[in-house]
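Take a look at the structure set out below.
Just follow the structure's listing: the first ligand is 1, and inside any ligand the first atom is 1. The chain is numbered in sequence order, starting from 1.
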Amino acid sequence: MPLLGFGTWQIKGDDAVRATSVALEAGYRHLDTATVYGNEGQVGRALAESGVPRDDVFVTTKCPGDRAGRGIDTLRQSLDLLGTDHVDLWLIHWPTEVAVELWAELVEARDDGLAREIGVSNFDLELVDEVSGAVDVTPSVNQIEWSPLLYDADTLAGHRERGVVLEGYSALRGGTLEHPVIVEIAERLGRTPAQVIIRWHLQHEVVVIPKSVNADRIRSNADVSDFELTADDMTALDALG
Ligand SMILES: NC(=O)c1ccc[n+]([C@@H]2O[C@H](COP(=O)([O-])OP(=O)(O)OC[C@H]3O[C@@H](n4cnc5c(N)ncnc54)[C@H](OP(=O)(O)O)[C@@H]3O)[C@@H](O)[C@H]2O)c1
């Protein structure tokens, strides 16, 4: 699973085709969408038109949390829209009281080859354990809100102990881009605050999926491989959480 992906929440219609195309051109090989984003068709179109082989791109979509009993149908609709016979990762988008029943359907989809990996989103570790224990399959991934301001070493360690990949979302929201500590590090390194935040995720080996509709931002958010945060910078960023 590439640590850097392209987030597509709130990008609709032609914008979704355009933004996803720019992301693929810029080198992103991991796309994050969901049934409720209403853009799987556009993401799929951009992927098909990009010329990038399907197998080179890690595609995630998500099932609404209340679809127990209709999970596999929901995934088949996603696959039709995305124009693929499998996704690389299928997630339960949010927890509900039917999480265990729905999780069993994700396991079935994985066993049938419709999803290479399966996971959850917005689950706390207690609920991760509950679904894991119920059908004896641990989610591969938990996608949760994550940024330096939300950093919690115990949460990260708890995921690692269980073998669950922590995938962060909304890293650029909640005041992170304007935070003085982040702005100071960015100015010192001649980078943008977004690049510092994305780099912080990569150095923690936490998956990060920045979203933008702006082509320059899409490109610059992926341009993070030629600099490194020092151990002191990492500690200062961790301390914001
Ligand atoms: N599982 C879940 O429940 C859940 C929830 C939320 C998000 N997600 C996923 O995570 C992805 C990322 O989260 P997110 O969409 O909340 O937002 P985000 O990546 O934190 O970005 C927030 C905003 O920052 C702006 N931005 C992006 N790059 C920037 C830059 N270099 N400089 C300044 N501003 C910049 C974007 O605006 P512009 O577009 O105008 O550039 C965007 O609207 C989503 O797209 C979605 O795929 C999942």
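Between atom CG of residue Leu106 and atom CZ of residue Arg110 there is a gap of 10.0 Å, rounded to the nearest 0.5 Å. Here the CG atom belonging to Asn221 is positioned 6.5 Å from the OG1 atom belonging to Thr192, to the nearest 0.5 angstrom.
No side-chain heavy atom of Val141 sits less than 4.5 Å from a side-chain heavy atom of Val207.
Looking at ligand 1, you won't find any N or O of Thr192 less than 3.5 Å from one of its N or O atoms. Looking at Arg217 next to ligand 1, an N or O pair under 3.5 Å apart turns up. Taking only nitrogen or oxygen atoms, main chain and side chain alike, Ser220 does not reach within less than 3.5 Å of ligand 1. The distance criterion of under 3.5 Å between nitrogen or oxygen atoms is met by Arg173 with respect to ligand 1.
When hydrogens are left out, the protein atom nearest atom 20 (O) of ligand 1 is Leu172 N, 2.8 Å; that is the closest non-hydrogen contact. The shortest contact between atom 34 (N) of ligand 1 and any protein heavy atom is with Leu177 CD1, 3.5 Å. At the shortest separation from atom 36 (C) of ligand 1 among protein heavy atoms lies Lys211 O, 3.5 Å. Distance from atom 12 (C) of ligand 1 to its nearest protein heavy atom, with residue and atom name: Ile209 O, 3.1 Å. For atom 28 (N) of ligand 1, the closest non-hydrogen atom of the protein is Asn221 ND2, 3.0 Å.
Look at Tyr37 and you'll find a heavy atom under 4.0 Å from some atom of ligand 1.
Ligand-side atoms of ligand 1 in range of Pro210: 19 (O), range being under 4.0 angstrom from any heavy atom. Distances below 4.0 Å separate heavy atoms of Ala171 from the following atoms of ligand 1: 20 (O). Shown in contact with Trp9 at under 4.0 Å from a heavy atom are these atoms of ligand 1, numbered in order with element: 6 (C), 7 (C), 15 (O), 16 (O), 44 (C), 45 (O), 46 (C), 47 (O). The contact set between ligand 1 and Gln143, taken as ligand atoms under 4.0 Å from a residue heavy atom, comprises 1 (N), 2 (C), 4 (C), 8 (N), 9 (C), 48 (C). The contact set between ligand 1 and Asp32, taken as ligand atoms under 4.0 Å from a residue heavy atom, comprises 9 (C), 46 (C), 47 (O). Against a heavy-atom cut-off of under 4.0 Å, Asn122 is close to the following atoms of ligand 1: 1 (N), 2 (C), 3 (O). Atoms of ligand 1 lying under 4.0 Å from at least one heavy atom of His93, given by number and element, are 1 (N), 2 (C), 3 (O). The Ala194 neighbourhood of ligand 1 comprises atoms 30 (C), 31 (N), with distances under 4.0 Å to a heavy atom of that residue.
Counting heavy atoms closer than 4.0 Å to ligand 1, residue Ser212 contributes atoms from both its backbone and its side chain. Contact annotation for Thr8 and ligand 1: only backbone heavy atoms (N, CA, C, O) come within less than 4.0 Å of the ligand.
Salt-bridge formation is detected for the pair Asp216/Arg219: a Lys NZ or Arg NE/NH1/NH2 atom is positioned less than 4.0 Å from an Asp or Glu carboxylate oxygen. With respect to the salt-bridge test (charged N to carboxylate O, under 4.0 angstrom), the residues Asp56 and Arg29 do not qualify. Here Asp129 pairs with Arg162 in a salt bridge; the nearest charged N to carboxylate O distance falls below 4.0 Å.
At distances below 3.5 Å, not a single donor-acceptor pair connects side-chain atoms of Thr20 with backbone N or O atoms of Val17. Distance alone, capped at 3.5 Å, places no donor-acceptor pair between the Glu101 side chain and the Gly69 backbone. Side-chain atoms of Glu105 come within 3.5 Å of backbone atoms of Gly71 as a donor-acceptor pair (strictly under, hydrogens ignored).
The heavy atom nearest to atom 4 (C) of ligand 1, considering only Trp146, Phe6, Tyr169, Trp94, is found in Tyr169. Scanning Gly65, Pro193, Ser170 for the heavy atom closest to atom 16 (O) of ligand 1 points to Ser170.
Side-chain N/O atoms of His204 and Asp238 include a donor and acceptor closer than 3.5 Å. Using modelled atom types, one finds a donor on one side chain and an acceptor on the other under 3.5 Å when comparing Ser78 with Glu40.
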- [ ] Decide yes or no on side chain to side chain contact (heavy atoms under 4.5 Å, CB included) for Thr33 and Leu82, but give the supporting numbers first.
- [x] CA-CA 10 Å; Thr33 181; Leu82 286 162; 4.2 Å; yes
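For an aromatic pair to be called close, the ring centres must be under 6.0 Å apart, and Trp200 with Tyr151 satisfies this.
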